[in-house]
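Below is one structure, written out as structure tokens; the observations come after it.
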Amino acid sequence: MQRLARNGGTAGLLRWLAGRADGWAGIARSDGTVLSASGAAPSGPLTAPADVPDVPRLVAEGVRALTERGALAYSHDTGAHTVLLFPLPGPHDPHAEDRGAAPLLAVVTPRPVAAGLATLLADVLMPLSLCREAEAVERKRRRVDLAESRGREAVLHLLMTGQLSIAQQVAGALRPRLPDPVRVCVVECPGDSRDEVARVCAEADGGRSWIVRCPVYARHLILVMPAEDGRGDGPDGGAGGPDGGPGSGPSGGPSGGPSGGPAGGTATDEAVAALVDRCVVGVSEQVPLADTATGYRQAFHALAVAREVPGRHVRFGAAPEPALVVGTAGRQWAEALLTPLLTHVPRRAQDPGSQELAATAASWLAFSSHATDHLKVHRNTLAARLRLIGELLGLDLHRLADQAALDLALRIRATPATVCTPEAGQHDGGAAPGHANGAARDLDEVLRRPAVQEWALRQLAPVAGAAEETLRTWLRCEGRLGPTAAELGISVPGARKRLTRLETVLQRSLLRPPSARYDLWLALRARETAAAETTS
């Protein structure tokens, strides 16, 4: 009995009792509602309809009898079987509960009642009651854990959509405080070990990181870490050389080996990769808390590279964000493109407003069909919102070109104007009236900027020859593997292998969202516009 109570809990004890009684055992409320049960309902000689006991009625009658007589047990013979009822005591004082309201142990057994069964039932009451109390505490703990997990997920969602002040207010009730600046770390956990890896992460950094279970990928943990927890930026840290170009890729060199943290110790992300077998870790560069979405994209791209290196740990090889180099013309273009969306007023109160539609667009561009998990909406709701967004903006969101344009515009909008590269001879503080309807509306004009051309060259520098042809074909086929394989004359697995190799070369995720395909499309388009301008 004690072993069953420890290992099987209430269900194990009820199964054991049903077997000993050769009948049915369960726990019911005082109104006769069965809370849990085990055994047939009932079996053997009671299978005939006339012999099947009416358990709710018998329990209700037993409760009335217990209340009226002040008895500690109740037994009733119905001819073919016997019903035994025992109120379950509280965990400390068997007489503390109102016997009329306490849950009841009910047992239905064929006649004659087995010798010693009543004594056995009396003995099992306390272990059964303690099991129920322990299970109730565990259910409450899980509800608290779920509430905290959902709260952390909500804070991350607010950070990803740029609602910093609200995120900090919600996070004030949880621990730890949101750091600023941060490094975002994405940990891909082996199997079903995400909870265990979360515990390892919390212990590795002393509880200083904001740890969130990814709502999109079931094996991913997202860590928003204090920036000083990682290594410093620079060529040795994998965050880019002196000219801001692509970094060396894997942290600590090609093998991704660890290097010292701020105090000469091991950084949290490296410690997790070393402590958990088959755990893969990608880390962003240092970003302001308001740019958590950018940090997440960087960490996700680093994760794609980390899967292919022995150390299973990679720091993002930084390159400038396109939103930082578009200048005034780019901001005007983005404003002109997004104005119909940002000024949209829903016809009905229950319809999504402009802010909700913008968040939907950003989530879908980042996570594709997984946006339903991120936004917690039905796929039909997502499809309806995307149709409305396309109609408002005049875009065909099935086309990669329009997706890339919208993604760039949303990223420009989320980037403070003060950190963008200004036009030559201008301050980036605004445009002259009437300018937004001119060249700023034309994305090609934005892509011709010298700063954007330089950014495009850096993006495409690692690819050449057959690799570039594979990349061009994949983008021309809207990022779909089947048409890409057909156009290249190879199998779908062969096309996937080529793109996986490209992920390692580019140090970016291509096949899984968030994907770098928007940046790569923009880079190729920028190079094409420059070539066309030179030819003409």
Side-chain angles (χ1 to χ4, degrees), residues 188 214 216-220 296-297 300-301 303-305 307-308 322 360-375 377-391 393-411 443 447 456 459-460 462-529:
E188 188 171 75
C214 180
V216 176
Y217 294 109
R219 294 173 55 195
H220 285 191
Y296 174 75
R297 283 194 299 269
F300 197 90
H301 293 322
L303 183 69
V305 183
R307 296 189 187 102
E308 307 300 322
T360 298
S363 178
W364 178 73
L365 289 167
F367 297 113
S368 187
S369 60
H370 294 295
T372 54
D373 299 318
H374 185 229
L375 298 170
V377 298
H378 192 272
R379 62 178 182 273
N380 293 342
T381 302
L382 176 64
R385 290 184 185 179
L386 292 175
R387 282 196 299 270
L388 176 58
I389 293 169
E391 292 169 2
L393 300 179
L395 299 176
D396 180 0
L397 295 183
H398 293 98
R399 297 180 63 245
L400 180 57
D402 287 2
Q403 294 170 16
L406 178 57
D407 180 72
L408 177 60
L410 289 172
R411 288 158 71 178
L443 177 59
L447 297 179
Q459 291 288 309
L460 300 174
V463 296
E468 181 175 343
E469 181 58 29
T470 298
L471 178 62
R472 285 181 174 276
T473 304
W474 181 64
L475 295 175
R476 190 165 56 248
C477 294
E478 308 292 339
R480 293 178 295 171
L481 274 176
T484 301
E487 189 163 334
L488 291 174
I490 58 178
S491 66
V492 171
R496 182 180 289 108
K497 286 181 180 179
R498 288 192 184 184
L499 290 167
T500 301
R501 287 195 294 269
L502 269 175
E503 287 183 331
T504 305
V505 171
L506 292 167
Q507 301 182 28
R508 302 292 186 272
S509 172
L510 301 180
L511 294 172
R512 299 178 68 184
S515 171
R517 58 183 181 174
Y518 306 134
D519 283 1
L520 293 171
W521 185 92
L522 291 168
L524 284 172
R525 181 65 182 171
R527 197 163 74 175
E528 290 170 357
T529 56

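We use all heavy atoms of the structure for the numbers below, so side chains are in, but hydrogens, waters and symmetry mates are not.
The side-chain heavy atoms of L400 and Y518, taken from C-beta on, include a pair separated by under 4.5 Å. Side-chain contact check for L520 versus R508: every heavy-atom pair is 4.5 Å or farther apart. In this structure, the side chains of L522 and L443 come closer than 4.5 Å at one or more pairs of heavy atoms. Contact of the E468 side chain with the L460 side chain is not registered, since no non-hydrogen atoms from C-beta on lie closer than 4.5 Å. Annotation: side chain of T470 is not in contact with side chain of T473 (no heavy-atom distance under 4.5 Å).
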| message | Could you go through R307 and E503, starting from their C-alpha distance and side-chain angles, then the distance that decides it, and tell me whether this counts as salt bridge (charged side-chain N to carboxylate O under 4.0 Å, His left out)? | response | CA-CA 10 Å; R307 296 189 187 102; E503 287 183 331; 5.3 Å; no

| task | May I have the step-by-step check of salt bridge (charged side-chain N to carboxylate O under 4.0 Å, His left out) for R472 and E528, ending in yes or no? | result | CA-CA 12 Å; R472 285 181 174 276; E528 290 170 357; 3.1 Å; yes

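With salt bridges taken as basic N to acidic carboxylate O contacts below 4.0 Å, one links R411 and D519. Ion pairing of D402 with R399 is present here, as a side-chain N (NZ or NE/NH1/NH2) and a carboxylate O approach within less than 4.0 Å.
If you take CG on L499 and OG1 on T504, they are separated by 11.0 Å, rounding to the nearest 0.5 Å.
With hydrogens and angles ignored, the 3.5 Å screen pairs a side-chain donor or acceptor of T529 with a backbone N or O of A526. In this structure, the side chain of S509 does not engage the main chain of H301 through any donor-acceptor pair within 3.5 Å. Judged by distance alone, with hydrogens and angles left aside, the side-chain atoms of S515 form no donor-acceptor pair with the main-chain N or O of L511 at under 3.5 Å.
More than 12 heavy atoms of other residues, nucleotides or ligands shown are found within 6.0 angstrom of NE2 on H378.
Both the sub-6.0 Å distance and the 45° axial angle are satisfied by R512 relative to the ring of Y217.
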